[in-house]
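Here the structure is laid out as structure tokens; the discussion comes afterwards.
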There are 2 protein chains.
Amino acid sequence: MSRQRPGTPTLEEVAALAGVGRGTVSRVVNNAAGVRDSTRRAVQRAIAELGYVPNLAARSLAGHRADAVALVMTEPDWRLFGEPFFTEVVHAVGDALTDTPAQLLLTLVRSDTERRRFVEYARGGRVDGVLLMSVHAKDRLPDMLAEAGLPTVMLGRRSGEESVTYVDADNTGGARGAVRYLLDAGRSTIGAVTGPLDMYVAQCRLRGYREALESAGAAAGASLVVEASDFTEVSGHRAMTALLARHPELDAVLAASDTLAAGALNALRAAGRRVPQDVAVIGFDDFHPDRPTDPPLTTVRQPLQEIGRAMVRLLQEEMEESPVAWRHVILRTELVIRDSA
Amino acid sequence: MSRQRPGTPTLEEVAALAGVGRGTVSRVVNNAAGVRDSTRRAVQRAIAELGYVPNLAARSLAGHRADAVALVMTEPDWRLFGEPFFTEVVHAVGDALTDTPAQLLLTLVRSDTERRRFVEYARGGRVDGVLLMSVHAKDRLPDMLAEAGLPTVMLGRRSGEESVTYVDADNTGGARGAVRYLLDAGRSTIGAVTGPLDMYVAQCRLRGYREALESAGAAAGASLVVEASDFTEVSGHRAMTALLARHPELDAVLAASDTLAAGALNALRAAGRRVPQDVAVIGFDDFHPDRPTDPPLTTVRQPLQEIGRAMVRLLQEEMEESPVAWRHVILRTELVIRDSA
DNA sequence: CTGAAAGCGCTAACAC
DNA sequence: GTGTTAGCGCTTTCAG
């Protein structure tokens, strides 16, 4: 699709100008040890004079590495790409990669054409590894990548027996703890706004809700559970409205995400209910710690910065060791009391 | 940062298995003409059998092209990355690239470290060209890229005398037309919610507003203009609230973006004003044509799909011709009457 | 139509 | 410490 600008200086020209061999220039460029200081400076001067920039294709070819990592979002509904959750993941992974020479490449995979193109790109050696977010239960992309021998790490898993390396939070435990907290606080009618139940993460959070109720001897009536079609605020509003119509006596809600919780809050306020005195709402907060707390309610904190770090760490392990061993990390969640429930 | 998986089949092995020369395999892989059909099939069989995938680094090195295009967002406030406008741009550019062999790479540049890393990446030949969005007035990244001889196209411009190739919409004309329409509809007190005025796009839209009022002999009182700190819905709400406090008699508003307009609408409704009968609101709609119209009001349509296509087209021109000639495209906007104002 | 050969610019192993 | 050398896997003439 193009022609490269001509006349870019090469390693060889730098070496000639500095009066040294190519190997030495390579060492200087890569900050390798074992070069006399005076030599190093001479090379650096030549580099500056020529405006030399290493050719990354050549480096990849010779060095068998790309110094790039892809973060892929496979989401047919590309609008969701704008959701705060994804923004936060991008940010967290970006942070986790700062001390690394790797360039972070975001990629949107919306169709099979794009899926194919990306696999070729990745298998072609343009990235050292792939990070996946928002993988749906039936998506085969993780398998394609893993089978091709590419270091691959997913955020979340597709099912209870995920076969690709992943990092996840303890969703079941988090939900269980939140509901237990609500029960301890004396709440009796606790509803649930779940995420789409074709996603494992939503199933886990619902399971935690049920387990807590059951082990307390309380009933988890089916009518107390409403499934939102996605994790957006709008869906949360809609689900909460439906729930409230069925159960006006509701005095607490567990929402399956922070955005769903935000929507639920809006719906409650619109219905004239006082939050949290009248109805306690707990969501899962995926957000960055320095973010202003909105909604200012008790939440199950998902350690997204830690998840980012864990993903990068697992990826590096996969890149170093071979044959690739399957592994996973499940991070503990934490109940953060921001407001009396 | 890694080791590449071993044992990947090469062109040479494919050639050996198919009993042909490397050149022939290359031709087949690249769909080049001039290969006998039987030969082509034999090669394809060998490719399938070996599971051959071209090494993209080698291809780049030999072919002087990367088959990749970067779409960069330089935004210190990375949260804005989730705004619908950017989501739409990504989508539009993605669409414009589908008929091309190029992989789209999104990149977030949040700091100078990341800026430097990206420039090295781009200058290193990993992309054929760079598309920039959300460039702030003082950002030097476009110049760094352009000076390095990289095909570069910006969405919008940093000032009236932009020196880097860009695509923009006719913001001034669009705003002018919208206000003229409001005047023709009999509105008399027309306010403006502008974007941050350190961005050229916001200046243009404000200028259009002023021009229309002036040429109609109406006064554009300074108190009728409120500057929002960014283009988000929250800021629109805040600005509208301030505007309404100053001018309760307000009967129309031009908002500098669709999200600002959405925020303004919320504020108006919260204040008990009827929209659009009482107060007409016009925003700039950057959205995709098949998007449900929300807010369902008259808007200045920004042809984002066309902008995406134009950016890709200009980029291709820059990639083909050299030396790089500076150029730009300004697309016409269109007033879409969705509701009586 | 097809094979052979010359690099693309760099890294890494090996001598000196 | 530093220079030399042998590739990395592909595209692209150039013969035939």
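In what follows, chains are A, B, ... by sequence order, proteins preceding strands, each numbered from 1.
Across Glu318(B), Glu317(B), Arg327(B), His328(B), a single residue satisfies side-chain hydrogen bond (donor to acceptor under 3.5 Å, both in side chains) together with Thr165(B), and that is Glu318(B).
Within residues 19-42 of chain A, the residues that place at least one heavy atom under 4.0 Å from DNA chain D are, in residue-number order, Gly19(A), Val20(A), Gly21(A), Arg22(A), Gly23(A), Thr24(A), Arg27(A), Gly34(A), Val35(A), Arg36(A), Thr39(A).
The nearest whole Å value for the distance from the NE2 atom in His64(B) to the P atom in dG9(D) is 19 Å. Note: CG (Leu61(A)) to C1' (dA6(D)) measures 13 Å, nearest angstrom. In this structure, the CG atom of Leu11(B) is 14 Å from the C1' atom of dA4(C), given to the nearest Å. The distance between atom CZ of Arg126(B) and atom C1' of dC10(C), rounded to the nearest whole Å, is 13 Å.
Partners of Phe81(B) according to the ring-ring contact (aromatic ring centres under 6.0 Å, His included) rule, which considers only residues two or more places apart in sequence or in another chain, are Phe81(A). Residues satisfying the ring-ring contact (aromatic ring centres under 6.0 Å, His included) test with Phe118(A), not counting sequence neighbours, are none.
When the C1' atoms of four end pairs are superposed on the next four at each end of the helix from dC1(C)-dG16(D) to dC16(C)-dG1(D), using five pairs per end, the two resulting axes differ in direction by 40°, to 10°.
For residues 22-39 of chain A, every residue pair satisfying the salt bridge (charged side-chain N to carboxylate O under 4.0 Å, His left out) rule, not counting sequence neighbours, is listed here: Glu12(A)-Arg22(A), Asp37(A)-Arg41(A).
A heavy-atom distance below 4.5 Å is found between the side chains of Met133(A) and Leu71(A).
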Would you be so kind as to tabulate the donor-acceptor pairs closer than 3.5 Å made by side chains of residues 135-148 of chain A, with sequence neighbours excluded?
| residue | atom | partner | partner atom | Å |
| --- | --- | --- | --- | --- |
| His136(A) | NE2 | Glu75(A) | OE1 | 3.1 |
| Asp139(A) | OD1 | Arg115(A) | NH1 | 2.6 |
| Asp139(A) | OD1 | Leu141(A) | N | 2.9 |
| Asp139(A) | OD2 | Thr74(A) | OG1 | 3.2 |
| Asp139(A) | OD2 | Arg115(A) | NH1 | 3.1 |
| Arg140(A) | NH1 | Asp143(A) | OD2 | 3.4 |
| Asp143(A) | OD1 | Arg158(A) | NH2 | 3.2 |
| Asp143(A) | OD2 | Arg158(A) | NH1 | 2.8 |

